[in-house]
Amino acid sequence: MLLMKDIIREGHPTLRRIAKEVPLPPDPADIETLKSMKEFLINSQDPVISEKYGIRGGVGLAAPQINVSKRMFVMRLNDEKGEEHDYSFINPKIVSHSVEKSYLTSGEGCLSVDRSIPGYVQRHARITVKGYNEKGEEIKLRLRGLPAIVFQHELDHLNGVMFYDHIDEKNPFQLKEGAIPIE
Ligand SMILES: Cc1nc(NNC(=O)[C@H](CC2CCCC2)CN(O)CO)c(F)c(N2CCN3CCOC[C@@H]3C2)n1
Ligand code: NI
């Protein structure tokens, strides 16, 4: 099972590389990798297992974070309506997005960053996304709220971008006109 020791931290070159597209249909090794990443999130959200194994809470995980430079990530979270969003994405893309921005009022963190960095990360408020699941089937979704934020944080990892790259150093809590806060 994946543990925190398997997660690479800032300074590791893989976090700043562009991850490679995954040939479709995905091969068994890639499917197994995605499965282990999803299991990591489930464990991280279990109060007993996460405590026992010292796993930090997570709602998303990108393959480069376990030193697999491939364009795939997993998400597992409940949105503000309590609806579950449980996805494995292969070769994900944003096909369109709102002009409006949204941000987490608590700022963002990252399992690959062992320090807290204050500031708002403004992202597209609503996105239409495309990708493939572990069966190689095409998935197309419209996301908003926390799912949209998580998707963009994970997609950034496939492009070597860290959340703090988006924080304005001079004014970390600066907000664009009409940015939507997400508690
Ligand atoms: C929002 C949140 N971020 C947590 N951590 N950070 C992460 O997931 C990083 C990715 C997120 C950081 C901001 C956007 C994406 C991981 N990343 O670096 C991947 O690239 C949480 F842990 C968390 N929750 C709320 C729900 N809770 C349910 C019960 O279990 C605990 C869990 C805690 N919410
Ligand atoms: Ni991250």
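Values in this document were obtained by computation on a predicted structure and should not be read as measured data. Computation of the quantities below employed the complete heavy-atom set of this structure, encompassing side-chain atoms and omitting hydrogens, waters and symmetry-equivalent molecules. In listed order, ligands and their atoms are each counted from 1. The first residue of the sequence shown is numbered 1, and numbering continues consecutively from there.
Heavy-atom proximity to Gln65, at under 4.0 Å, picks out these atoms of ligand 1: 17 (N), 18 (O), 19 (C), 20 (O). Against a heavy-atom cut-off of under 4.0 Å, Gly109 is close to the following atoms of ligand 1: 12 (C). Annotation for ligand 1: atoms under 4.0 Å from non-hydrogen atoms of Glu154 are 10 (C), 19 (C), 20 (O). Distances below 4.0 Å separate heavy atoms of Glu108 from the following atoms of ligand 1: 13 (C). Near Cys110, the atoms of ligand 1 lying under 4.0 angstrom from a non-hydrogen atom of the residue are 18 (O). The contact set between ligand 1 and Gly60, taken as ligand atoms under 4.0 Å from a residue heavy atom, comprises 8 (O), 16 (C), 17 (N), 19 (C).
Under 4.0 Å is where a charged nitrogen must lie from a carboxylate oxygen, and between Lys35 and Glu134 no such pair does.
Looking only at side-chain heavy atoms (C-beta outward), Asn43 and Met1 come within less than 4.5 Å of each other. Side chains of His153 and Phe73 form no contact here, defined as non-hydrogen atoms less than 4.5 Å apart. Ile94 places a side-chain heavy atom less than 4.5 Å from the side chain of Leu155. When side chains are defined from C-beta on, Leu15 counts as touching Ile8, because their heavy atoms get closer than 4.5 Å. With contacts defined as side-chain heavy-atom distances shorter than 4.5 Å, the pair Leu77/Gln45 does not qualify.
Between the side chain of Asp79 and the main chain of Glu83, a donor-acceptor pair closer than 3.5 Å is present.
A cation-pi contact, defined as under 6.0 Å to the ring centre and within 45° of the axis, links Arg115 to Tyr164.
For atom 20 (O) of ligand 1, the nearest protein heavy atom lies under 4.0 Å away. In this structure, atom 33 (C) of ligand 1 has its sub-4.0 angstrom surroundings free of protein heavy atoms.
For the pair Leu104 and ligand 1, the shortest N or O to N or O distance does not fall below 3.5 Å.
Closest protein heavy atom to atom 25 (C) of ligand 1: Val59 CG1, 4.1 Å. What sits closest to atom 18 (O) of ligand 1 on the protein, heavy atoms only, is Leu111 N, 2.8 Å. Looking at atom 28 (C) of ligand 1, its nearest protein heavy atom turns out to be Gln45 CG, 4.4 Å. The protein heavy atom nearest to atom 4 (C) of ligand 1 is Gly57 O, 3.9 Å.
No more than 12 heavy atoms of other residues, nucleotides or ligands sit less than 6.0 Å from atom CD of Glu51.
When non-hydrogen atoms are compared, ligand 1 lies under 4.0 Å from the side chain of His153 (C-beta onward) but not from its backbone. When non-hydrogen atoms are compared, ligand 1 lies under 4.0 Å from the side chain of His157 (C-beta onward) but not from its backbone.
Using a 30° and 60° split on the angle between ring planes, Tyr87 and His85 fall in the perpendicular class, above 60°.
Note on His153: its N/O/S atom closest to the Ni ion (ligand 2) is NE2.
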